[in-house]
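See below for the structure under consideration.
Both counts, for ligands and for their atoms, begin at 1 and track the order of listing. The chain is numbered in sequence order, starting from 1. Side chains are part of it too, since the values below use all heavy atoms of this structure and drop only hydrogens, waters and symmetry mates.
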Amino acid sequence: MDSKEHIPVLVDKVVELLVNEPRGFYVDATAGTGGHSEAILGAGTDKMRLLCIDCDSMALEKARVRLKPFGERVTFIHGYYNDIDRYLADRRADGILADLGLSSLQLADEKRGFSYMVDARLDMSMGERARSVIELLNRAGERELAEIIKRYGEERRARRIAKNIVKERKGRPIETTFELRSIVERSIGGGNPIPSISRVFQALRIWANGELDNLNEFLRKAVEYLNPGGRLAVLSYHSLEDRMVKRFFKDEQKG
Ligand SMILES: C[S@@+](CC[C@H](N)C(=O)[O-])C[C@H]1O[C@@H](n2cnc3c(N)ncnc32)[C@H](O)[C@@H]1O
């Protein structure tokens with residue numbers, strides 16, 4: 001297996017909880033490289049249909065290759081899951097899956113700047129609607145930067161980091177992962193810098209891709225597009241998403 005290949009999370013559990021209609025119609029709203037999709041289709045009969053959505057064209061290409069053996073049972077949309085209403089129109093699904101965040105493929109891609117482990121331009125875009133992180137770092141005011149780092153990274157030294165970003169960019173623009181990483185390292189003083197670095201990278205990635213707004217919009221729409229008895233499964237990886245998803249399900253239960 002390619003070391004950069006994405007290993008899908010909790011595959012058996014996802015299939016067990018999601019697929020209760022082996023002849024049904026399912027949506028993998030974050031198909032990535034197709035790991036969960038493959039398992040969902042594998043759990044169905046020849047009548048099962050799956051719609052795969054992803055905003056990352058490279059990931060979707062890999063999913064197309066992987067899912068070729070399923071032929072016409074699977075269709076692909078290069079787009080955003082928060083537009084699910086447009087893609088489904090009058091169709092209703094028996095199950096919808098969203099496996100949030102980044103794939104290992106995106107993280108490991110040296111050209112995309114998601115990882116603080118690889119020196120690269122701070123692109124951080126998952127799809128074409130992404131905002132520019134480089135522009136933010138070099139143009140935004142200190143206050144706005146601090147707020148983004150605090151809100152989306154829950155980093156307690158956000159103000160100091162923002163101050164140092166503004167100071168540093170006066171010399172030359174901040175454009176790479178290693179430049180940003182070293183500013184965070186210098187901002188936090190002693191101790192292990194990795195947790196802060198990873199929170200700052202998370203914050204910028206979430207901001208750039210509008211991840212929380214997209215998720216909020218998706219959840220509200222997705223439940224409207226389920227058949228009676230249909231299921232919505234969401235895999236979340238950090239506390240901001242997790243809180244949003246749990247609150248949503250709780251509110252839905254209350255009716
Ligand atoms: C954790 S990965 C999914 C991996 C996938 N389950 C697999 O087995 O390969 C998350 C995927 O969601 C995609 N994504 C993130 N936000 C999206 C959005 N708003 N609409 C569509 N896809 C999105 C990313 O491009 C990424 O490929």
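- Using a heavy-atom distance under 4.0 Å as the criterion, the protein contacts of ligand 1 are H6, P8, A29, T30, A31, G32, T33, G34, G35, H36, D54, C55, D56, G79, Y80, Y81, N82, D99, L100, G101, L102, S103, Q106, M126, N214.
- Ion pairing between K221 and E224 fails under the 4.0 Å rule for side-chain N and carboxylate O.
- The hydrophobic clustering, which links ILVMFWY residues whose side-chain heavy atoms are closer than 4.5 Å, places I84 and L219 together.
- By the ring-ring contact (aromatic ring centres under 6.0 Å, His included) test, F114 is found to be paired with no residue, residues two or more places apart in sequence or in another chain being considered.
- Using a 4.0 Å cut-off between charged nitrogen and carboxylate oxygen, D54 and K62 do not count as a salt-bridge pair.
- Using a 30° and 60° split on the angle between ring planes, F201 and Y116 fall in the perpendicular class, above 60°.
- A salt bridge links E154 with R243: at least one charged nitrogen is closer than 4.0 Å to a carboxylate oxygen.
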